[in-house]
Amino acid sequence: MSVRVRFAPSPTGFLHVGGVRTALYVWLFARHHGGTAVLRIEDTDTEREESGAIEQIQRSLDWLGLDFDESPRVGGPYGPYLQSERSERYQTVIERLLAQGDAYQCYQTADELELARAEARQTDDPALPTRLHRDLTADQIAAFERAGRSAVIRFRTPLEGETVLDDLVRGRVVFEHRLLGDTVLMRAGGRPTYQLANPLDDLEMGITHVIRGEDLLSSTPRQKLLIEALGGTFPETAHLSMILGADKKRLSKRHGAASVEEFRDAGYLPEALVNFLALCGWSWDGETELMSVAELIERFSLERVNSAPAVFDHEKLAWMNGQYLRGLDMAAYTAALRGYLADAGSPLADAARLEELVPLVQDKIGTFGEFDALVGSLLEQREPDAESWQKLLNDDHAARILAAAVTALDRLTVFDAETLESALRGVCEELEMKPRQAFGPIRIAITGSTVAAGLYESIAFLGRGASLARLKHAHAAVTGV
RNA sequence: GCCCCCAUCGGCUAGCGGCCUAGGCCACCGCCCUUUCACGGCGGCUACACGGGUUCGAAUCCCGUUGGGGGUACCA
């Protein structure tokens with residue numbers, strides 16, 4: 001049987017790293033097995049839905065290169081892929097469950113429920129409050145209806161026995177039925193809950209493997225029972241551990257979880273994020289770190305997914321991004337950089353000589369976000385970094401050095417990095433100074449900062465006129481003229 | 001409270017009874033390279049949560065404790 005897996009986010013906001021990791025594993029699993037990756041949007045809770053969230057999720061997946069075979073956008077044979085458009089199916093199933101006696105109306109008010117829950121805390125039957133209306137007589141139902149109460153539909157969970165789950169990453173997990181409670185399948189307003197829509201859609205969409213976060217592990221037995229009541233076979237499951245923040249707390253939207261788009265905006269490459277996330281909870285041989293998407297697809301397996309939670313390691317991601325950046329050829333680097341700058345709204349995106357700067361920065365920066373600080377001043381005239389400039393002004397040798405540099409560079413007819421190097425080394429000899437000492441003021445004069453790309457290359461890029469102008473400007477500032 | 005999951009260096013992890021005086025990567029600390037910052041190279045630091053078993057032998061299996069996480073919604 002062909003593998004069919006799904007990623008089923010709810011549109012409550014942006015896609016964060018935990019969600020993406022799940023999406024990635026789902027996608028890798030599908031691709032590895034030559035199966036089908038489905039994207040389904042679980043928008044059963046209109047209250048929590050955020051407008052634009054679906055588009056944002058789709059955009060993030062696109063950026064990462066996770067193409068889903070069936071989705072709200074591209075459609076597919078099992079659509080619609082928006083739960084809000086599948087209402088009649090849920091209604092049909094509810095009627096069937098009611099007729100079978102596997103579901104029933106529950107008329108409890110919120111207050112009654114809360115009271116019952118408070119009382120139940122003292123007993124050894126925590127699920128009791130959920131089944132108070134499980135055996136209502138026809139008269140009682142009629143009375144509630146006459147009183148104008150509306151009912152939710154609950155699943156009649158077996159009171160005895162247990163459900164065993166053989167999870168692909170967690171192994172055997174056993175749940176006692178008496179602790180499960182009677183799940184609400186349909187809200188009073190007639191809209192389904194996740195507990196109904198999710199497993200039912202999995203069944204109807206022919207999903208073979210459910211790959212999702214561990215936060216959904218405890219709802220699994222209820223879903224399995226429901227599917228079995230419907231005569232269906234519950235899919236295999238793989239529950240992934242949570243991704244934690246530096247404080248070991250679960251990463252979530254309200255807990256410092258970065259959205260995919262934040263990584264894009266910070267200058268990360270999608271390939272790097274994918275590689276990194278793949279390794280966040282999975283490993284191939286424990287040694288190999290850098291893997292292309294094709295390699296990930298070939299090597300990915302649920303068996304090698306780690307069951308322990310993982311702390312999101314920003315440092316390592318940054319390192320990995322640098323590895324990817326350094327591996328790009330000049331054309332690809334330029335294109336990616338230009339794209340990044342354009343997205344960031346930087347005027348440098350249109351710079352004609354952008355490509356010439358690639359050799360100056362490629363080995364130095366870990367994200368495109370660092371590009372501007374390093375060489376931005378070579379592309380446009382800017383105010384120097386205040387701290388660096390102060391350092392220049394405080395340097396007793398600055399005036400001599402800058403004067404000598406102006407003289408030396410003024411003589412040059414060829415203005416390439418090599419010529420500049422020998423000329424500047426000549427300056428050092430003339431002044432009897434170490435390059436370390438002499439180049440500081442020159443760098444600040446040229447780039448406006450103590451931290452910059454290679455000095456000779458920077459000067460060469462700037463060109464004779466601009467370089468001399470900057471050196472003279474700095475000289476004037478230092479001598480107070 | 002109750003239920004479920006998890007537990008190897010600071011972080012990500014390898015390890016599925018002897019190959020482990022525990023390997024790789026990131027970070028960190030030295031040194032080298034060097035025009036700053038980086039990159040790169042070399043070296044170093046540091047871990048099997050604890051207590052009981054099982055076994056000739058345990059990081060690896062079992063039980064307990066502790067700690068962390070998740071769930072306990074007419075959220076997903």
Side-chain angles (χ1 to χ4, degrees), chain A residues 8-12 42-45 47-48 106 108 110 113 117 120-127 130 150-154 165 167 169-171 173-176 179-181 183-189 191-195 197-198 212-221 239 241-242 244 246 248-250 276 279-290 303-304 306-320 322 326 361-366 370 373-374 388 421 424-425 428 434-440 442-444 447 449-456 458:
Chain A
S10 64
T12 53
E42 312 229 312
D43 53 349
T44 52
D45 185 6
E47 310 273 299
R48 296 206 319 152
C106 169
Q108 289 175 99
L113 238 187
R117 272 202 269 264
R121 261 187 269 278
Q122 326 291 71
T123 74
D124 67 341
D125 188 2
T130 67
S150 52
V152 301
I153 308 300
R154 286 186 187 271
L165 199 67
D167 192 85
V169 343
R170 249 137 256 286
V173 187
V174 181
F175 299 88
E176 275 186 79
L179 298 169
L180 260 26
T183 324
V184 173
L185 301 178
M186 192 158 274
R187 300 175 167 92
R191 295 184 68 84
T193 63
Y194 162 83
Q195 301 296 349
N198 176 281
R212 65 192 355 173
E214 195 204 321
D215 49 338
L216 297 170
L217 181 60
S218 38
S219 70
T220 308
H239 285 90
S241 294
M242 304 282 87
L244 277 23
K248 305 260 176 136
K249 296 278 187 236
R250 174 192 176 189
F276 174 78
L279 253 25
C280 202
W282 170 83
S283 69
W284 180 50
D285 59 358
E287 312 251 314
T288 312
E289 304 285 343
L290 269 19
E303 292 77 67
R304 290 196 61 84
N306 193 164
S307 54
V311 173
F312 189 79
D313 188 351
H314 277 275
E315 302 270 11
K316 187 163 178 175
L317 169 60
W319 165 81
M320 190 170 279
R326 267 160 238 129
V361 297
Q362 190 163 20
D363 281 349
K364 300 171 91 66
I365 62 177
E370 301 163 54
L374 218 51
S388 299
E421 171 164 11
L424 290 172
R425 288 199 180 275
C428 293
K434 292 276 183 201
R436 181 181 298 278
Q437 201 181 356
F439 289 179
I442 300 177
R443 167 170 295 102
I444 300 168
T447 69
S449 172
T450 54
V451 178
L455 186 55
Y456 321 128
S458 296

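Sequence lines set the chain letters: A, B, ... in the order given, protein chains first and strands last, and positions in each chain run from 1.
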Have a look at [X] and say if it touches a base, only the backbone sugar-phosphate, or nothing, with a 4.0 Å heavy-atom cut-off.
X      : value
A/E176 : nothing
A/R191 : nothing
A/L216 : base
A/A308 : sugar-phosphate
A/Q108 : base
A/T44  : sugar-phosphate
A/E214 : base

Query - Residue whose closest nucleotide on RNA chain B lies nearer the 5' end, A/Y194 versus A/G454 - result: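 Of the two residues, A/G454 wins.
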Query raised in the report: Quick one: on RNA chain B, does A/L179 or A/A8 contact a more 5' nucleotide (nearest heavy atom)?
Result: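 The residue mapped nearer the 5' terminus is A/L179.
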Strictly by Watson-Crick or wobble contacts shorter than 3.5 Å, is anything paired with [N], and which nucleotide is it?
N     : value
B/A14 : none
B/A38 : none
B/C2  : B/G71
B/G51 : B/C63

For [N] versus [M], give the span between their [atom1] atoms, rounded off to a whole number of Å.
N     : M     : atom1 : value
B/G43 : B/G15 : C1'   : 25 Å
B/G11 : B/U65 : C1'   : 27 Å
B/A22 : B/A58 : C1'   : 13 Å
B/A7  : B/A59 : C1'   : 12 Å
B/G10 : B/U46 : P     : 11 Å
B/U8  : B/C42 : C1'   : 27 Å
B/G64 : B/C3  : P     : 12 Å
B/C26 : B/U21 : C1'   : 25 Å

Rounding to a whole Å, what distance do you find between [X]:[atom1] and [N]:[atom2]?
X      : N     : atom1 : atom2 : result
A/E421 : B/U34 : CD    : P     : 11 Å
A/Q195 : B/C75 : CD    : P     : 10 Å
A/R154 : B/A73 : CZ    : C1'   : 10 Å
A/F439 : B/U35 : CZ    : C1'   : 5 Å
A/D167 : B/C5  : CG    : C1'   : 10 Å
A/W284 : B/G15 : CH2   : C1'   : 17 Å
A/L290 : B/U13 : CG    : P     : 17 Å
A/L317 : B/U13 : CG    : P     : 14 Å

Looking only at side-chain atoms of [X], point me to the closest of [options].
X      : options             : answer
A/Y456 : B/A73, B/A76, B/U35 : B/U35
A/P126 : B/C74, B/G1, B/U13  : B/G1
A/E315 : B/C26, B/C6, B/C4   : B/C26
A/L455 : B/C2, B/C6, B/U35   : B/U35
A/R170 : B/C6, B/U36, B/C26  : B/C6
A/E287 : B/G23, B/G1, B/C4   : B/G23

May I ask you to evaluate whether [X] reaches the phosphate of [N], defined as a side-chain N or O under 4.0 Å from OP1 or OP2?
X      : N     : result
A/R48  : B/A73 : no
A/R304 : B/C16 : no
A/R425 : B/U35 : yes
A/T12  : B/A76 : no

Requested in this report: Indicate for each nucleotide in nucleotides 37-49 of chain B, in 5' to 3' sequence, whether protein heavy atoms under 4.0 Å reach the base (B), only the sugar-phosphate (S), or nothing (-).
Outcome: BBSS---------
Query raised in the report: How would nucleotides 58-67 of chain B be written as a contact map, 5' to 3', with B for base contact, S for sugar-phosphate-only contact and - for no contact, using protein heavy atoms under 4.0 Å?
Result: ----------
Could you check whether any side-chain N or O of [X] sits under 3.5 Å from a backbone N or O of [Y], counting only pairs where one atom can act as donor and the other as acceptor?
X      : Y      : answer
A/S307 : A/V169 : no
A/S283 : A/L279 : no
A/R212 : A/H239 : no
A/R304 : A/W282 : no
A/T193 : A/V184 : yes

Using atom names, set out every protein N or O paired with an N or O of nucleotides 9-12 of chain B below 3.5 Å, distance rounded to 0.1 Å.
residue	atom	partner	partner atom	Å
B/G11	OP1	A/K248	NZ	3.0
B/G11	N3	A/D313	OD2	3.3
B/C12	OP1	A/V311	N	2.8
B/C12	O2'	A/L279	O	3.1
B/C12	O2	A/K316	NZ	3.3

Requested in this report: For A/N198 and A/T44, run side-chain contact (heavy atoms from CB on, under 4.5 Å): C-alpha distance rounded to whole Å, both residues' side-chain angles, the deciding distance at 0.1 Å, then the answer.
Outcome: CA-CA 10 Å; A/N198 176 281; A/T44 52; over 6 Å; no
Query raised in the report: If you take all heavy atoms of A/R170 and A/L217, which pair is closest and at what distance?
Result: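 The answer is CD-CD2, 3.8 Å.
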